[in-house]
Chemist: 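If you scroll down you'll find the structure; I have some questions about it.
As a basis for the values below, the full set of heavy atoms in this structure was taken, side chains included, without hydrogen atoms, waters or symmetry mates. Keep in mind that this is a model prediction, so the values were computed, not measured.
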Amino acid sequence: MHAQVGTVWDAELRVKIVEERARFDKNPKEFRDTYKADQEKLQEQISSARSRLSSVQIDHELRVKISKVCTELNVDGLRGDIATNRAAKAFAALKGRDQVTAKDIAVVIPNYLRHMLRKDPLESIDSGVLVIEKFWFTCELRCIV
């Protein structure tokens, strides 16, 4: 999986980040306590998703679409196919569902394939637009759920 990290350009958001960091530096325990309820909710959501994951299904047609995208983007090997299938199932489980949708795939596929498009380590990594456009084109917009 690939995470894209970049500079925050919004001045208000930058100020908020700096203020939050200063609050943490002043009293780390109090800072963590502020987010404790949110963290516990997220932990429960993840735990539920793990329990549900084995029952999540992905239709054969959607699996074929993932593999078509990987083929059309010239992704080497099967790692992209496998990782995207797994990620789509995990995302559906996290959202509390037992069935993967095309939208689930659209959310995860750029993060799994965009860095695999580079054949030269000095090439820049695709923003994900090429991957998502190829996915929706392959779906022919019929698989929107």
Side-chain angles (χ1 to χ4, degrees), residues 1-25 28 31-32 34-145:
M1 187 160 133
H2 173 84
Q4 191 168 2
V5 178
T7 300
V8 175
W9 297 108
D10 178 87
E12 289 294 326
L13 182 55
R14 291 172 73 104
V15 169
K16 181 176 171 54
I17 292 167
V18 170
E19 289 171 347
E20 288 290 281
R21 177 58 202 220
R23 204 164 62 83
F24 173 81
D25 289 342
F31 178 86
R32 284 191 300 272
T34 303
Y35 294 99
K36 187 174 183 174
D38 290 339
Q39 290 296 306
E40 288 172 353
K41 183 179 175 184
L42 182 58
Q43 286 174 341
E44 177 57 36
Q45 188 180 9
I46 292 169
S47 179
S48 294
R50 284 182 176 153
S51 298
R52 184 180 302 105
L53 185 58
S54 64
S55 66
V56 174
Q57 300 296 313
I58 181 167
D59 290 337
H60 180 75
E61 178 181 310
L62 289 175
R63 289 179 191 270
V64 170
K65 299 217 184 282
I66 290 169
S67 291
K68 279 185 179 179
V69 170
C70 290
T71 301
E72 290 179 20
L73 291 174
N74 198 25
V75 173
D76 290 334
L78 295 171
R79 193 176 72 207
D81 305 57
I82 293 167
T84 302
N85 275 275
R86 285 180 179 168
K89 288 175 75 172
F91 186 75
L94 190 63
K95 294 299 182 182
R97 290 182 280 99
D98 292 327
Q99 189 66 41
V100 172
T101 67
K103 288 184 181 181
D104 296 330
I105 298 167
V107 168
V108 302
I109 200 168
N111 294 321
Y112 281 87
L113 297 186
R114 67 180 172 204
H115 71 285
M116 293 181 173
L117 303 182
R118 280 191 324 178
K119 301 302 177 197
D120 177 349
L122 299 178
E123 280 182 64
S124 62
I125 294 176
D126 177 67
S127 67
V129 173
L130 177 65
V131 175
I132 199 66
E133 285 177 351
K134 183 63 73 177
F135 175 70
W136 286 124
F137 180 76
T138 300
C139 277
E140 300 171 15
L141 300 180
R142 288 181 304 189
C143 57
I144 295 178
V145 179

Chemist: Closer than 3.5 angstrom, by distance alone: can the side chain of D104 be matched with the main-chain N or O of T101 as a donor-acceptor pair?
Modeler: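 It does hold such a pair.
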Chemist: With sequence neighbours excluded, what pairs up with F24 under the ring-ring contact (aromatic ring centres under 6.0 Å, His included) test?
Modeler: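 F31.
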Chemist: How close do T84 and G80 get, counting heavy atoms only, and between which atoms?
Modeler: OG1-O, 2.8 Å
Chemist: Please name the pair of heavy atoms, one in V100 and one in L62, separated by the smallest distance, quoted to 0.1 Å.
Modeler: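 Nearest heavy atoms, V100 then L62: O-CD1, 3.5 Å.
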Chemist: With a cut-off of 3.5 Å and sequence neighbours excluded, list every side-chain donor-acceptor pair involving residues 51-60.
Modeler:
{"from": "S51", "atom 1": "OG", "to": "S47", "atom 2": "O", "distance (Å)": "3.2"}
{"from": "R52", "atom 1": "NH1", "to": "A93", "atom 2": "O", "distance (Å)": "2.6"}
{"from": "S55", "atom 1": "OG", "to": "R52", "atom 2": "O", "distance (Å)": "2.8"}
{"from": "S55", "atom 1": "OG", "to": "D98", "atom 2": "OD1", "distance (Å)": "3.3"}
{"from": "D59", "atom 1": "OD1", "to": "Q99", "atom 2": "NE2", "distance (Å)": "3.1"}

Chemist: Test side-chain contact (heavy atoms from CB on, under 4.5 Å) on N85 and K89 and set out the steps.
Modeler: CA-CA 6 Å; N85 275 275; K89 288 175 75 172; 5.5 Å; no
Chemist: To the nearest 0.5 angstrom, please state how far the SG atom of C70 sits from the CG atom of L78.
Modeler: 8.5 Å
Chemist: Atom CG in D81, atom NZ in K68: separation rounded to 0.5 Å?
Modeler: 13.0 Å
Chemist: If a pair satisfies salt bridge (Lys or Arg N to Asp or Glu O under 4.0 Å) and one of its residues is in residues 36-46, list it, with sequence neighbours excluded.
Modeler: none
Chemist: Can you list everything that forms a side chain to side chain contact (heavy atoms under 4.5 Å, CB included) with V8? Sequence neighbours excluded, please.
Modeler: L13, R14, I17
Chemist: Got a sec, which residues hit side chain to side chain donor-acceptor pair (under 3.5 Å) with R86, two or more places apart in sequence or on another chain?
Modeler: none
Chemist: State which residue, out of L113, V64, V75, fulfils the side chain to side chain contact (heavy atoms under 4.5 Å, CB included) condition with V69.
Modeler: L113
Chemist: Within the supplied structure, the quantity of interest is the number of heavy atoms (other residues, nucleotides, ligands) at a distance under 6.0 Å from R23 CZ; does it exceed 12?
Modeler: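 Above 12, so yes.
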Chemist: If you round to the nearest 0.5 Å, how far is CD1 of I66 from CD1 of I105?
Modeler: 4.0 Å
Chemist: Applying side chain to side chain contact (heavy atoms under 4.5 Å, CB included), can you list everything that pairs with K16, at least two apart in sequence or on another chain?
Modeler: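 With neighbours one apart ignored, the set is E20.
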